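Here the structure comes first, spelled out in structure tokens, and everything after it is commentary.
We count residues from 1, following the sequence as given. If you're wondering where the values come from, they're calculated on a predicted model, not measured in any experiment.
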Amino acid sequence: MIKEKRLELIKKIVNDKKNVSVKYLSDSLGHAESTIRSDLNDLNRAGDIKRIHGGAAKIDDVADSKFVFFENRLSEEINEKKLIASKAIKYIEDDQSIALDGSTTCYELAKLIAKTKLRLTVITNGLMVAEAINNNPLITTILIGGMLSNETFTTEGSFNNELLNEVNISTFFFSSRGIDTKTLTDFNIYEVRLKNQILNKSRKNIALIDSSKFGSTSTSTICQTNDVDIIISDDKLDEKVREKFISKNIEIL
């Protein structure tokens, strides 16, 4: 497909749906996510659409698209995320101090944690994660400070160094945009820096990665794959892919 035709199709899809993710456009048009990101940047510069975190929005609907975009991310691979969360909660014990990133997979985990009788301290930079557990009186929630991203509903920036130096973290649960047998990657450098800080602080690191992320690579490296203690995925993960990780002595569930 020539670029001009692809740009017209992307513009039509964005205007029809009001907001879409890069992944949705990539799957719909059959082009690599890197190509779609480049196209969205071109359309954004031309004033045809508005580039937002992880996707694009119709110009007239940018203000309303932010929470809708988060909801759309929640709906992507929702059954897989719920399955991953149900596996992950088995690694949480009473009286632990744990950290959750602001990903939609950790949001599903937070909803399960909120229903338990576990006494926990939960450290997170995700507003939706904090909101999900806040009504449980047995859970102490520590929200990491920083600049608020009103597209991902997370805090980011370098304001959290002092806090992280003062807390102990038993287990860090986090997600990534891409993963292979060498690295876990993401496209938001501020999120990557924060995750890297917590990874170095935590005694155990568990990556919650749905099967659609395997084989993808994003802008910045969070960590080496062998820095992670356990990777939890869903039942759709190709067995050959799973075997590649196992052959590298990487535990994957």
Quiz prompt | Any side-chain heavy-atom pair of Ile250 and Val228 under 4.5 Å | solution = no

Exercise. Kindly determine whether Leu118 and Ile113 satisfy side-chain contact (heavy atoms from CB on, under 4.5 Å), including the steps that lead there.
Key: CA-CA 8 Å; Leu118 294 169; Ile113 293 171; 5.7 Å; no

Quiz item: For the side chain of Asp94 and the backbone of Arg119, is there at least one donor-acceptor N/O pair under 3.5 Å apart?
Solution: yes

Self-check item: Distance, nearest 0.5 Å, that separates OG of Ser103 from CD of Glu108
Solution: 10.0 Å

Practice problem: Look only at the side chain of Asp234 and the backbone of Ser211, and say whether a donor-acceptor pair between them is shorter than 3.5 Å. | Solution: yes

Self-check item: Under 3.5 Å: donor-acceptor pair, side chain of Ser233, backbone of Ile209
Solution: yes

Quiz item: How many angstroms lie between atom NZ of Lys111 and atom CD1 of Ile133, to the nearest 0.5 angstrom?
Solution: 13.5 Å

Quiz prompt | With Ile246 via side chain to side chain contact (heavy atoms under 4.5 Å, CB included) - residues at least two apart | solution = Arg242, Ile252

Quiz item: Does NZ in Lys87 sit with more than 12 non-hydrogen atoms of other residues, nucleotides or ligands closer than 6.0 Å?
Solution: yes

Quiz prompt | Thr185 (side chain) donor-acceptor with Ser218 (main chain) under 3.5 angstrom | solution = yes

Quiz prompt | Heavy-atom side-chain contact between Thr171 and Ile92 under 4.5 Å | solution = no

Exercise. Scan residues 6-28 for pairs that pass ring-ring contact (aromatic ring centres under 6.0 Å, His included), counting only residues two or more places apart or in two chains.
Key: none

Quiz prompt | Smallest separation among heavy atoms of Val241 and Leu237, with atom names | solution = CG1-CD1, 3.8 Å

Quiz item: Does the side chain of Asn44 reach to within under 4.5 Å of the side chain of Lys50, using non-hydrogen atoms?
Solution: yes

Self-check item: Residues Lys248 and Thr225: side-chain donor-acceptor under 3.5 angstrom
Solution: no

Quiz item: Hey, are the side chains of Asn168 and Ser97 touching, using non-hydrogen atoms and a 4.5 Å cut-off?
Solution: no

Quiz item: What is the distance from atom CD1 of Ile89 to atom CG of Leu109, rounded to the nearest 0.5 Å?
Solution: 6.0 Å

Quiz item: With the 4.5 Å side-chain cut-off for hydrophobic clustering, are Leu83 and Ile232 part of the same group?
Solution: no

Quiz item: Is any side-chain heavy atom of Glu80 less than 4.5 Å from a side-chain heavy atom of Ser212?
Solution: no

Practice problem: Starting at CG of Asn19, measure out to CG of Asn15 and round the result to the nearest 0.5 Å. | Solution: 11.5 Å

Quiz item: Hey, is the main chain of His31 close enough, under 3.5 Å, to the side chain of Ser26 for a donor-acceptor pair?
Solution: yes

Quiz item: Would a distance-only check, ignoring hydrogens and angles, find a side-chain to backbone donor-acceptor pair under 3.5 Å from Asp229 to Asn205?
Solution: yes

Practice problem: Output yes when Glu33 and Arg177 qualify as a salt bridge under the 4.0 Å nitrogen-oxygen rule, no when they do not. | Solution: yes

Exercise. Say whether, by atom type as modelled, one donor and one acceptor occur between the side chain of Lys213 and the main chain of Leu184 under 3.5 angstrom.
Key: no

Practice problem: Using the side chain to side chain donor-acceptor pair (under 3.5 Å) rule, pick out the option among Arg37, Lys3, Arg51 that qualifies with Asp42. | Solution: Lys3

Quiz prompt | Closest heavy-atom pair and its distance - Phe173, Cys106 | solution = O-SG, 3.3 Å

Quiz item: Charged N to carboxylate O under 4.0 angstrom, Glu243 versus Lys240?
Solution: no

Quiz item: Under the side-chain contact (heavy atoms from CB on, under 4.5 Å) criterion, do Leu7 and Asp48 qualify, and how do the steps go?
Solution: CA-CA 10 Å; Leu7 292 175; Asp48 293 322; over 6 Å; no

Self-check item: Asp39 side chain reached by Thr35 side chain, heavy atoms, under 4.5 Å
Solution: yes

Self-check item: Test side-chain contact (heavy atoms from CB on, under 4.5 Å) applied to Ile10 and Leu25, step by step
Solution: CA-CA 7 Å; Ile10 291 173; Leu25 290 169; 4.1 Å; yes

Exercise. Look at the side chain of Ser202 and the backbone N and O of Phe172, then say whether any donor-acceptor pair between them is shorter than 3.5 Å.
Key: yes

Quiz item: Rounded to the nearest 0.5 Å, what separation is found between the CG atom of Leu199 and the CG atom of Leu194?
Solution: 9.5 Å

Exercise. Please report the C-alpha distance between Ile13 and Leu29 in whole Å, then the side-chain angles of each, then the deciding distance to 0.1 Å, and finally whether the side-chain contact (heavy atoms from CB on, under 4.5 Å) criterion is met.
Key: CA-CA 10 Å; Ile13 292 170; Leu29 300 178; 4.2 Å; yes

Quiz item: Is it the case that more than 12 heavy atoms not belonging to Lys204 sit under 6.0 Å from its NZ atom?
Solution: no

Quiz item: Do the non-hydrogen side-chain atoms of Phe174 and Ile198 ever get within less than 4.5 Å of each other?
Solution: no

Exercise. Kindly determine whether Lys81 and Thr104 satisfy side chain to side chain donor-acceptor pair (under 3.5 Å), including the steps that lead there.
Key: CA-CA 8 Å; Lys81 291 172 182 176; Thr104 50; 2.8 Å; yes

Quiz item: Once you round to the nearest 0.5 Å, how far does OG of Ser170 lie from OH of Tyr91?
Solution: 15.5 Å

Quiz item: Between Ser175 and Leu208, is there a donor-acceptor pair closer than 3.5 Å when you use the side chain of the first and the backbone of the second?
Solution: yes

Quiz item: Less than 4.0 Å between a side-chain N and a carboxylate O, is that true for Glu8 and Lys11?
Solution: yes

Self-check item: Side-chain heavy-atom pair Asn125, Glu191 within 4.5 angstrom cut-off
Solution: yes

Quiz item: So, Thr124 side chain and Leu100 main chain: donor-acceptor pair closer than 3.5 Å or not?
Solution: yes

Self-check item: Pairing residues for Phe245 by the ring-ring contact (aromatic ring centres under 6.0 Å, His included) criterion, not counting sequence neighbours
Solution: Phe214

